[in-house]
2 protein chains.
Amino acid sequence: MASVSRFINSPEKVRAETRERIRLAIQECNYRFNFVAKVFSTQRTQTIGLVIPTITNTVFADSTRGLQDEATRHGYQVLMVNADYDSAAESRLVRHLLERQVDGLVLTVSDPHGPIARELADAGTPAVFLFSTLSEGPVSSVGIDNERGGFDATTHLADLGHERIAMLAGSFATSDRSRHRYDGYCRCLSTRGLTLDPQLVVQIPYGLEYCREGVLRLMQTANPPTAIFASNDLMAIGAMGELRSLGLSVPRDVSVVGFDDVLMSSYVAPRLTTIRQPVYEMGRRAVQMVLDALGRGEQSVPRHVILNHELVVRESTASLHRA
Amino acid sequence: MASVSRFINSPEKVRAETRERIRLAIQECNYRFNFVAKVFSTQRTQTIGLVIPTITNTVFADSTRGLQDEATRHGYQVLMVNADYDSAAESRLVRHLLERQVDGLVLTVSDPHGPIARELADAGTPAVFLFSTLSEGPVSSVGIDNERGGFDATTHLADLGHERIAMLAGSFATSDRSRHRYDGYCRCLSTRGLTLDPQLVVQIPYGLEYCREGVLRLMQTANPPTAIFASNDLMAIGAMGELRSLGLSVPRDVSVVGFDDVLMSSYVAPRLTTIRQPVYEMGRRAVQMVLDALGRGEQSVPRHVILNHELVVRESTASLHRA
DNA sequence: ATGAAAGCGCTAACAG
DNA sequence: CTGTTAGCGCTTTCAT
């Protein structure tokens, strides 16, 4: 029995003859290794749990690729679950993952300052928040400076001469990223001496489907915007589709800037101006940090990493020409 | 010990007083349930393994949502892995999932007629192929009739008067769906008496990135096509982006039809004409079939379900006007 | 280099 | 209704 275990985990530790004997026996009873038993015995799953808000936004697919690549490189698996932007689901899923004995956790949640942070810190399982902008707190994090991202996106529009700049925002209640980007939007407006018109800020639930109503609300105001900052690329693309339905042209009538730079954004018409996040790298860093904490054991202190973003100017934004 | 187990799994089977006693004890030692131990003991993970070819095509995100919703409804989890269109990875991942004792398997693989089918049938774990068109074989399946889908897409173009119809196909080696759609394309051409020009069929690896070269090859032929059938929406969108780069207008110069009807397709400009697959429903059906087989035990016979697809005509296709 | 045996934390069968 | 106990299949000592 012990020799079989040795054979499987480090064949070189067993004599060639025994090796052969075992190989045959394994063939014979077409034995299949039981990973669960191993996990049970070793208390190590070699698995990292991943919680994402949605599987339909490819930005999470891209970070997940980085994450998986890095995990695989170190012999770890990724167990991914999505919470559909629902904070109750987030807690439930984290509990599930913890019960399943994942060795570490990477997560993007509604509110990294909420109760979930304490739960995670108490659990003693290494965890890192992904995408959020954090500079403190008991749980590590890796992301970009979302506030500055929002500021940069809005500044680009202001630089083009726009004064009626709207924000089509993902609901703050379900995304602290959206809220931080909004903060940046506000700061830009006030820096530029532009008035923040509450009618020009619309929060919508996540999903292309909701862009319709959001854009409608924006464009039906007495004094509609000439530019829209959407808090992610998907919403920006949704907004462009809706503007087109209204007979409006992007960027001639309305400029649009997104956030994330998903691959699709350089293929749509017009190609989308956006803020690029280094998502693949973010995913990699997240597992590195988890593995690092795993190595250090208990006395690991939380780290907060902020990577650089970048404004990518394409065709969906243009300077405001007045008649 | 046993009472604790009872308390956790069916609290009503234990007296209120004992319940309280246990609750306290649990608080006391801040006990966390060990799911792995349960799995080990019961030999049931309550988990369905899911193998998808890529996480970056939202069509798989959509089927996965159906799958997860249905799984959750029955108290099952989904363990998702992606194989990146690599058949070696597929086998490896299936083995991993089997070692992890998943109760059932849902998978989309390069070639459902390949060795993996035998492996699955031998494993004795219920499995169903998703997306592929199968009418026989030891492993159950649910999908649409991809050959007819390809036929319908091409017929739509032929109906519009196009005679030079190209196919931008995902590599056949990594997708039997692409191959079947191509078969339908060929059948339509021959039905219509159109010649099948090998120069008008280009296979590219999966990914938006590869569309560039594919479209280039197509449009640089002596007698370029006036219409392109892409074997999925992502490639169709990539193709439209590339055509635009070449100064060509869709659908004025070239008509484009895709396959899948991902949500994005109704938002891009021009809105994409495509073949809709009932992907959410497909995901649901797949887990139903797995659960069904799980219920029946060994004497379950493979079933092959083909759902209906539908041509959705939007703006990316137009009739051929000759000067 | 190999075999024997304990133990991981749960469930299920059984006895009380 | 509750406690006792065997056992799931691996790894990990510890002898040999």
Side-chain angles (χ1 to χ4, degrees), chain A residues 1-47 49 74-77 79 95-104 123-125 294 297-298, chain B residues 1-47 49 74-77 79 95-104 122-125 294-295 297-298:
Chain A
M1 211 57 249
S3 282
V4 177
S5 182
R6 278 186 278 263
F7 168 78
I8 284 164
N9 293 300
S10 33
E12 72 283 0
K13 291 201 169 176
V14 49
R15 207 170 28 172
E17 185 215 330
T18 321
R19 214 145 48 195
E20 197 50 36
R21 202 150 50 89
I22 293 174
R23 197 201 320 282
L24 287 175
I26 283 180
Q27 291 260 309
E28 188 80 22
C29 10
N30 70 359
Y31 162 87
R32 172 165 311 124
F33 184 77
N34 186 330
F35 184 77
V36 173
K38 177 197 182 124
V39 166
F40 178 54
S41 163
T42 58
Q43 315 276 50
R44 278 271 165 273
T45 50
Q46 299 282 100
T47 299
H74 294 277
Y76 279 75
Q77 311 266 311
L79 176 45
R95 230 166 7 247
H96 271 302
L97 291 171
L98 254 18
E99 285 186 354
R100 288 194 174 228
Q101 314 287 109
V102 293
D103 295 342
T125 301
L294 229 32
E298 293 300 304
Chain B
M1 211 57 250
S3 280
V4 177
S5 183
R6 277 187 277 263
F7 168 77
I8 285 165
N9 293 299
S10 33
E12 71 282 1
K13 292 199 171 180
V14 45
R15 205 170 31 171
E17 183 215 329
T18 321
R19 216 146 48 196
E20 198 48 39
R21 199 150 51 88
I22 293 174
R23 197 202 320 283
L24 286 175
I26 283 180
Q27 291 261 309
E28 188 80 20
C29 11
N30 72 357
Y31 161 89
R32 171 167 309 125
F33 184 76
N34 185 332
F35 185 76
V36 172
K38 176 196 183 125
V39 166
F40 178 55
S41 162
T42 58
Q43 314 278 50
R44 278 272 166 272
T45 50
Q46 300 281 96
T47 299
H74 294 277
Y76 278 73
Q77 311 265 312
L79 176 45
R95 234 172 359 255
H96 271 303
L97 291 171
L98 254 20
E99 285 186 353
R100 288 191 175 231
Q101 312 288 106
V102 292
D103 296 342
D122 292 346
T125 302
L294 229 32
E298 292 300 303

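Chain letters run A, B, ... following the sequence lines, proteins first, then strands; residues in each count from 1.
The A:Ala2 side chain lies nearest to C:dG3 when the options are D:dG3, C:dG3, C:dA1. The side chain of A:Arg21 approaches C:dG3 more closely than any other nucleotide in the set D:dC10, C:dC10, C:dG3. Looking at the side chain of B:Phe33, the nearest of the listed nucleotides C:dT11, C:dA12, C:dA4 is C:dT11. For A:Asn34, the side-chain atoms get nearest to D:dG9 when compared with the rest of D:dG3, D:dG9, C:dT11.
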Less than 3.5 Å apart, which donor and acceptor atoms pair up between the side chains of residues 7-17 of chain B and the rest of the protein, not counting sequence neighbours?
residue	atom	partner	partner atom	Å
B:Asn9	OD1	B:Lys38	NZ	3.2
B:Asn9	ND2	B:Ser5	O	3.0
B:Asn9	ND2	B:Ser5	OG	3.4

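Heavy-atom minimum distance, B:Asp103 versus B:Leu294: O-CD1, 3.4 Å. Considering every non-hydrogen atom in both B:Gly49 and B:Leu97, the closest pair reads CA-CD1, 4.2 Å.
One atom, CZ of B:Arg15, and another, C1' of D:dG3, lie 13 Å apart when rounded to the nearest Å. Counting to the nearest Å, the C1' atom of D:dC10 and the CD atom of B:Gln101 are 11 Å from each other. Atom-to-atom, CG of A:Asn9 to P of D:dT12 comes out at 8 Å; the value is rounded to the nearest Å. One can place CZ of A:Phe7 at 13 Å from P of D:dT11, the figure rounded to the nearest angstrom. Here D:dT11 presents its C1' atom at 10 Å from CZ of A:Arg6, a figure rounded to the nearest Å. One can place CG of A:Leu98 at 16 Å from P of C:dG9, the figure rounded to the nearest angstrom. Distance, B:Ile26 CD1 to C:dG9 P: 15 Å, rounded to whole Å. Rounded to whole Å, atom P of D:dC1 lies 17 Å from atom CD of B:Glu20.
In the region residues 35-44 of chain B, proximity to DNA chain C at under 4.0 angstrom, judged on heavy atoms, holds for B:Ala37, B:Lys38, B:Phe40, B:Ser41, B:Thr42.
Scanning for salt bridge (Lys or Arg N to Asp or Glu O under 4.0 Å) contacts around A:Arg32 gives an empty result, with sequence neighbours left out. Evaluation of the side-chain hydrogen bond (donor to acceptor under 3.5 Å, both in side chains) rule for A:Thr47 yields B:Arg100 as partners, not counting sequence neighbours. The side-chain contact (heavy atoms from CB on, under 4.5 Å) search around A:Val39 returns A:Phe35, A:Thr45, B:Val36, not counting sequence neighbours. Checked against salt bridge (Lys or Arg N to Asp or Glu O under 4.0 Å), A:Glu99 has no partners two or more places apart in sequence or in another chain.
Applying the 3.5 Å distance criterion, the base of C:dG9 shares no donor-acceptor pair with the side chain of B:Arg32.
Here B:Tyr31 lies in heavy-atom contact (under 4.0 Å) with sugar-phosphate atoms only.
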